[in-house]
Structure formats: structure tokens, C-alpha cells
Amino acid sequence: MISKSQSPWSCRDGRPRPSSLSFFVVIIFFTALSAHAQQPTYDFIISGARIIDGTGSPWFYGDLAINGDHVAAIGDLRNASATKRIDARGLVVSPGFIDVQGQSEFNILVDGRAASKITQGVTTEITGEGTSIAPLNDRLLEDFWPEAAKYHVNLDWRSLDEYFQHFERARPAINLGTFVGAGGLREYVIGKDNRPATPAELEKMRQLVAQAMQQGAFGISTALQYVPDVFASTDEIVELAKVARSYGGVYFTHQRSESDKIFASLDEVFAISQRANISTTIWHLKTAYSENFGKMPEVLRRIEAAREKGIDVAASVYPYTRASNDLIACFPSWVVEGGTEKMLARLKDPVQRARAQKEMEEPSATWENQWLGSGGGKGVMLVHILNPDLHKYEGMNFEEIGRQMGKDPKDAAMDIAIADRGKSQVVISIMDEADVRAAVSNPLVTYGSDSEEQAEDGPLSMTKAHPRAFGTFSRVLAEYVRNEHTMTLEDAVRKMTSLAASRVGIADRGILRPGMMADITVFDPSAIQDVASYNDPLRYAVGVKYVFVNGKPVMSDGKITDERPGRALRGPGYKASH
């Protein structure tokens, strides 16, 4: 019973009792607050997908949320809200693919879309094979001027720091990190002369390695088949690798021989790794030329045996039987020695030209004879020319070019090298499919396209390419996972993501975990496919639906967007120095 002194709208202690309306408002407020705490708002939720986290673990169904540039949550997010929700039923969500041997450090300044890379799911590229984009001096800049002039790129950098500033101003779609190339350092200090470095020159190169590591290089690299790297001794490489290792860096190499001397070349790789105590990865592992077909299982066995001895060595590969490099790599090394002008003079001199052509027809113990190993002119296809007068020959092999010119194929090759000042690129037929399959499928082997980004349109569509520029990662998933079943989808993704990140030294990408950077690829495993061919190479791969780089969609529903969120990635020496 209520006393006279107690209002029905008062509490027992005499305070006013809240009205039913105000009480209802309070309940609504706290319910909404609780719901907000339980249902965070994300930028993106990718829902209903098969999630492959990059570790090699079995896939699972789930949702993935992105906030800002990070993965925010993984699990059952049906009740969570997001600015945009992507229905990924029937698709796979994985970490963004890492191309451990891209070559886009220049092309990305021309066309920031990185179209041929993102359409295969690549979000990060590591570059700098042998000769890197920095450091540069006037001698090295000479090699860049023709392309810079053609594509109107301002060569306003000399150091790696300055290059990264230019790179980020170019608004790239993908992330990029680089090694410092030992061959570039040799040319910086010595030139392209065939001689040992003096103690003072070696010390200068060591200082340049230290500077590059402090500015963000991931380690040091060599391309020991080509001038000027071919002139470097094992001892010289070890000394430079020790400097990189002191900053936490790694060593990647195009080894000295991929053909007749491959086993001795492997021994050198192992020795460098062991003596410098440095993690080592062999780029584009292969057993080249017909006399070496079938040796890949033994090559892999030797790498595994080295690891059992405590040597940290592994490899990368691209899934094709043809390689690609500069046309002048088909000539004996002495032709190229000393730089462009000396090379052109030798090619124009009848006596030296005849000597070079004779050597191109014979097996060699002193250089990698790619012309002979490709089967001669019919196995060497011209794909990239700077001189517009020569574009009519792109896509033809040198037997065909020779017939059109009315010349021997070797003469045709040398005349094109002269007219294009050594800037032409070729595709060469030098590998066997069984060897490629063995390397692609090995658990220790990751993937690198060994190609710069190009596009179906725009300034980078004016020349041909090797199809690996457009199809490396899609081809692995289509041919070797879906069609041939040489490995599981989970393991292929592991090799493209966490294995690649660990070999390079990238700590915040390559695995899907809350807190990791949101580099993400969403693809249809039943439809992903490389489309580019040797005769029709400028074709985007299909089957990749969404690609996120640092949390922003550079591909959405299979279409390239206007987002350009790529960043310069820097190695452990940068972090320690800053």
C-alpha cells in the first residue's frame, strides 16, 4: 500500500521514479551500446569464402574483415557490419601473392596500375636482380637514358631513398621492395672491365652495400651469368654478402651456370651461403639445354642435402620452358665487356664479329652459350625493342628475321643489337617440361615471374613480352594444382605467400592473421587461368576477382580500379637505422 507521503512516481528513497518513456530510452541506449560493442563496423567484410591462410594449413569456411590497411578479424562475422560486404561464396581468400623476382622497378614509374601483376593476384614485387634501381652514378645512368627518354621518366634519383620517394609519388598499385645488385655496384665502382676488384674498390662496394641496406634493401643479389657480375670472384661476393648479413639481409642469386656446370655452380651458391652465414635463394632454378634435361631431381636433391647440413638455401622458379633476357646475352661475354660503345665497336668489326659468330656455334666452358642452347636462331624470339624502326620484327625468331633481312640469323641478331644499342630482349627455348614440373612442385621452391609489369593497353602495351609477365601465378594454380595435381592448393598458396615472405624477410605480409597487412587475393579456383601465350603474350589472366593492397581494392569484381595504395617495402637494415 502506498502511503500518503509516497508518490506512485517516486522511488522508496523519495527520489523521482523515471517515466516509462525515459526508462525505455535508457534501455534502448544501453542495448545499442552493447550491440555496437558486439558488432564492430569494418571497412570491408569478405564473407562465405574458403580461407587459405598462407601457412599450408587446410582451408576453412569463414569471413575476413579489413579495417584501414590491416586484417581486422577472421571467423564468423555474419552479425558484424561493414561499409562494404563482399559475397565470396565459391571463392578462395588468400594472402596476396608475392613475386620474388619481379622486374618492375622502372615500368611501375611508367604505368602505376601494375596491370599484368594484379590480374594474377600479385600484391608485392621484389626486384633488383644483379643490377638494381639504385645506387646510380653517371656511368649507370647511361643504361637508363634510352628507356627514360622513350617513356618520359625523370631520372631524379641516385640513392635508394630517393628512388623510393619517386616510386611513391608515382602512385603504384602494388608494393615493391628491392635488393641491392652486386653487379650494379661493380659497374658503379669498376665499370664492365674483366678484372678483380682492388682492395680500395672492394671497400667502396662494401660501403655502398651498407648504405643501401640502411636505406631499405632486403639484401644483396647477383646475376653471375652476365656482365659485369660474371667477372666477380666468389670471394668478392662473400665479402659483400657479409655486409648485407650484418644488417639482417639475405642473398638472392641468378647462379653462375644453369646448364653444363650447374653442379659446380650449386657448390658455389652453398659456399657463399655458408661462408657469409646468409639465407640464400636461387632465382629461376632450371637445368638448361637438352644435354642437361632430366637433371632437376638431382639439383633438388643437392639443395635438400645442403639444408640438412645447416645451409639455408632454397629456390624460386617460373612455370615455363622458355626463358627471356637481353639479346646481347646470346653473344660471348667478351663482346659485352667494357660497356655499350665497346660492344658496338666489336660487333661492327668484321674480324671480331666472325670470331663471336664462330663461338656462338660451339659449346663453351667459359660462357653460357644461350644461342647454341636454344637450338640457334629458330629458338631465339625477339620480343622487346626500343628502336621503333625494328618493331616489325617483334614476335619473330631469328631464322625468320634473317630470311626477311636476307642475312644469316647471327648477322641479323648482331645488326639488331647495333641498331637498338643492346636494348633488345628475347625469349629463348632452353628447358624441359618434366624439369619445370619437378621444380614448380617442390616444397622449397617459391615463384618469381622474372618479368616487369606490362598491360594490354597504354604505354607498356607497345612491345611484346614473355607470357610469364601476365601468367606466372595463375598458371601454377591452373596447370599444376587444378589440372596435374602435383601439389595441393594450400601448399601452392603457401609457396606464393608465406614462403616467399620468409625467404625475402617480409614480416607483416604473407599470412592471413588479424593485425597483418591487408594484402589479399580473392580468386575462383575453378576458373583461374593464364591466357597469355608466346605468340599472343599481352593477355591478362582470368579468375582473380578481388585484390586488396594495404586494405584498398585495386581489383574489384574482376576489374582494375583507380586505387593506387602500393608502398615501398624496406628491409631490416632500414628499421635498425631509423
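Predicted model only: the values in this text are computed from it and were never measured. Hydrogens, waters and symmetry mates play no part in the numbers below; they use all other heavy atoms, side chains included.
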Sidechain-backbone polar pair: [X] side chain, [Y] backbone, donor-acceptor under 3.5 Å:
X	Y	answer
Arg50	Val92	no
Lys495	Val440	yes
Ser273	Val313	no
Trp59	Val93	no
Arg85	Ala80	yes
Asn107	Glu452	no
Ser502	Leu499	yes
Thr281	Ala314	no
Thr253	Ser221	no
Ser246	Val243	yes

Examine the side chains of [X] and [Y] and answer whether a donor and an acceptor come within less than 3.5 Å of each other.
X	Y	value
Arg570	Gln215	no
Tyr540	Glu456	no
Thr41	Ser81	yes
Ser449	Asp99	yes
Asp524	Ser526	yes
Thr446	Ser316	no
Thr124	Asn175	yes
Arg437	Asn442	no
Ser451	Arg468	yes
Glu268	Gln255	no
Asn292	Ser259	no

Is any side-chain heavy atom of [Y] closer than 4.5 Å to one of [X]?
X	Y	answer
Ile282	Ile303	yes
Tyr163	Leu109	yes
Arg539	Ser533	no
Arg494	Thr55	no
Asp519	Asn550	yes
Ile118	Glu453	no
Phe523	Leu91	no
Asp530	Tyr320	yes

Criterion salt bridge (Lys or Arg N to Asp or Glu O under 4.0 Å) on Asp536 and Lys464, from CA distance to verdict
CA-CA 8 Å; Asp536 188 14; Lys464 300 289 187 180; 5.9 Å; no
Among residues at least two apart in sequence or on other chains, which ones pass salt bridge (Lys or Arg N to Asp or Glu O under 4.0 Å) with Asp69?
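Salt bridge (Lys or Arg N to Asp or Glu O under 4.0 Å) check on Asp69 returns Arg567.
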For Asp76, give me all partners under salt bridge (Lys or Arg N to Asp or Glu O under 4.0 Å), at least two apart in sequence or on another chain.
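So Asp76 forms a salt bridge (Lys or Arg N to Asp or Glu O under 4.0 Å) with Arg78.
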Rounded to the nearest 0.5 Å, how far apart are [atom1] of [X] and [atom2] of [Y]?
X	Y	atom1	atom2	value
Thr127	Glu105	OG1	CD	3.0 Å
Gln454	Ser461	CD	OG	8.5 Å
Ile520	Ile51	CD1	CD1	9.5 Å
Ile278	Ile237	CD1	CD1	11.5 Å
Gln425	Gln103	CD	CD	9.0 Å
Asp229	Arg256	CG	CZ	9.0 Å

A quick test of your reading: do over 12 heavy atoms of other residues, nucleotides or ligands sit less than 6.0 Å from CG of Asn483?
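Count over threshold, so yes.
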Flag yes if more than 12 heavy atoms outside Asp562 fall under 6.0 Å of its CG atom; otherwise flag no.
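Check fails, neighbour count at 12 or below.
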Shortest non-hydrogen contact between [X] and [Y], atoms and distance:
X	Y	result
Gly121	Val547	CA-CG2, 4.1 Å
Glu368	Ser257	OE2-OG, 2.9 Å
Ala173	Val549	O-CG2, 3.4 Å
Pro572	Gly249	CG-N, 4.4 Å
Ser441	Thr486	OG-OG1, 2.7 Å
Ile45	Ala65	CG1-CB, 4.1 Å

For this output row, return yes or no: ring centroids of Phe548 and Phe44 closer than 6.0 angstrom.
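Yes: the rings meet the under 6.0 Å criterion.
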Can you check whether Tyr226 and His254 have ring centres sitting under 6.0 Å from each other?
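Yes, they do, as the ring centres are separated by less than 6.0 Å.
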Option from Asp435, Leu444, Val445 for which side chain to side chain contact (heavy atoms under 4.5 Å, CB included) with Leu300 holds:
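The side chain to side chain contact (heavy atoms under 4.5 Å, CB included) with Leu300 is passed solely by Val445 among Asp435, Leu444, Val445.
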Using a strict cut-off of less than 4.0 Å between a Lys/Arg side-chain nitrogen and an Asp/Glu carboxylate oxygen, indicate whether [X] and [Y] qualify as a salt bridge.
X	Y	result
Arg513	Asp508	no
Glu239	Lys242	yes
Glu304	Arg301	no
Lys286	Asp432	no

Could you go step by step and tell me if Met496 and Val476 meet the side chain to side chain contact (heavy atoms under 4.5 Å, CB included) rule?
CA-CA 10 Å; Met496 295 175 176; Val476 169; 3.6 Å; yes
Would Glu125 and Ser104 satisfy side-chain hydrogen bond (donor to acceptor under 3.5 Å, both in side chains), going step by step from the backbone distance to the final call?
CA-CA 8 Å; Glu125 188 181 283; Ser104 300; 2.9 Å; yes
Does Phe144 form a side chain to side chain contact (heavy atoms under 4.5 Å, CB included) with Ile133? I'd like the steps, not just the answer.
CA-CA 9 Å; Phe144 284 96; Ile133 197 68; 3.7 Å; yes
Mind checking what makes ring-ring contact (aromatic ring centres under 6.0 Å, His included) contact with Phe179, not counting sequence neighbours?
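Phe179 satisfies ring-ring contact (aromatic ring centres under 6.0 Å, His included) with Phe252, Trp283 once adjacent residues are dropped.
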Mark yes or no: Arg322 above the aromatic ring of Tyr534, with NZ or CZ under 6.0 Å from the six-membered ring centre and no more than 45 degrees from the axis.
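Relative to the ring axis of Tyr534, which defines the angle, Arg322 lies inside both limits.
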